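As the structure is a computational prediction, the values presented were derived from the model and not from experiment. Just the heavy atoms: all of them, side chains too, but no hydrogens, waters or symmetry mates, feed the values below.
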Amino acid sequence: MTVPPGERPRSFPASERLRTDREFREVVRKGARLHTTHYTVYRDTLGGEKRQVGISAGKRAGDAVARNRAKRLLREFYRMHKNAFPMGTRTAIVVRKPPEGAVLASVCAELLPALLRRWGGEGDPACGPDISSSTS
């Protein structure tokens, strides 16, 4: 089944991404900070009708496989919980160290309560079914 691009509620279009290093660094420099065990989240308020999210995982976060998996899980977390990222904000999520055997449920369990506690907002504290578990 093909869904028209304008009707994709769980997408992560380019307009919602922090696209340049300059934008990302500005959010990190000016934004409010939230630390969890495995992630650091920075949020900057601009106002307007636009929300942007950037995800970063440096070499300190593990090898390429671990970094890519962590970023993929964070993108899926964003798609599922867009209400936790209000309009008019820019958010940068930095992976400090990826959790061992990370699955979407563990990312949700760590990040969502922390985001809601720090900045409030709407969000269902439970994640949906774990669609990211690997069979390897």
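Between K50 atom NZ and T89 atom OG1 the span is 12.0 Å, to the nearest 0.5 Å. The structure places CG of L115 at 10.0 Å from NE2 of H81, a figure rounded to the nearest 0.5 Å. Going from atom CD1 of I55 over to atom CG of L74 covers 5.0 Å, rounded to the nearest 0.5 Å. In this structure, T20 OG1 and R25 CZ are separated by 10.5 Å, a value rounded to the nearest 0.5 Å.
Residues P86 and R51 share a closest heavy-atom pair of O-CB, 3.6 Å. Scanning both residues, Y39 and E110, for their nearest heavy atoms gives CD1-OE2, 3.6 Å. Closest approach of R43 to A84, counting heavy atoms only: NH2-O, 3.0 Å. Closest heavy-atom contact between A61 and A66: O-CB, 4.1 Å. C108 and P113 make their closest contact through O-CD, 3.3 Å (heavy atoms, listed as atom of the first residue, atom of the second, distance). Nearest heavy atom pair, residue R33 against residue V28, reads NH2-O, 4.3 Å.
Of the residues E26, Q52, E23, the one that meets the side chain to side chain donor-acceptor pair (under 3.5 Å) test with R90 is E26.
R67 places a side-chain N or O within donor-acceptor distance of the main-chain N or O of G62, the cut-off being under 3.5 Å. Judged purely by atom type and a 3.5 angstrom limit, R17 uses its side chain to pair as donor or acceptor with the backbone of F12.
Between F85 and F77, the ring planes are perpendicular. Angles over 60° get that label, and only those under 30° would be called parallel.
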Please assess W119 against T45 for the test side-chain contact (heavy atoms from CB on, under 4.5 Å), listing each intermediate value before the final yes or no. CA-CA 11 Å; W119 287 299; T45 304; over 6 Å; no
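Using a 4.0 Å cut-off between a side-chain N of Lys or Arg and a carboxylate O of Asp or Glu, R79 and E76 qualify as a salt bridge.
Put simply, V41 and V95 are part of the same group of oily side chains (I, L, V, M, F, W, Y) that touch within less than 4.5 Å, one to the next.
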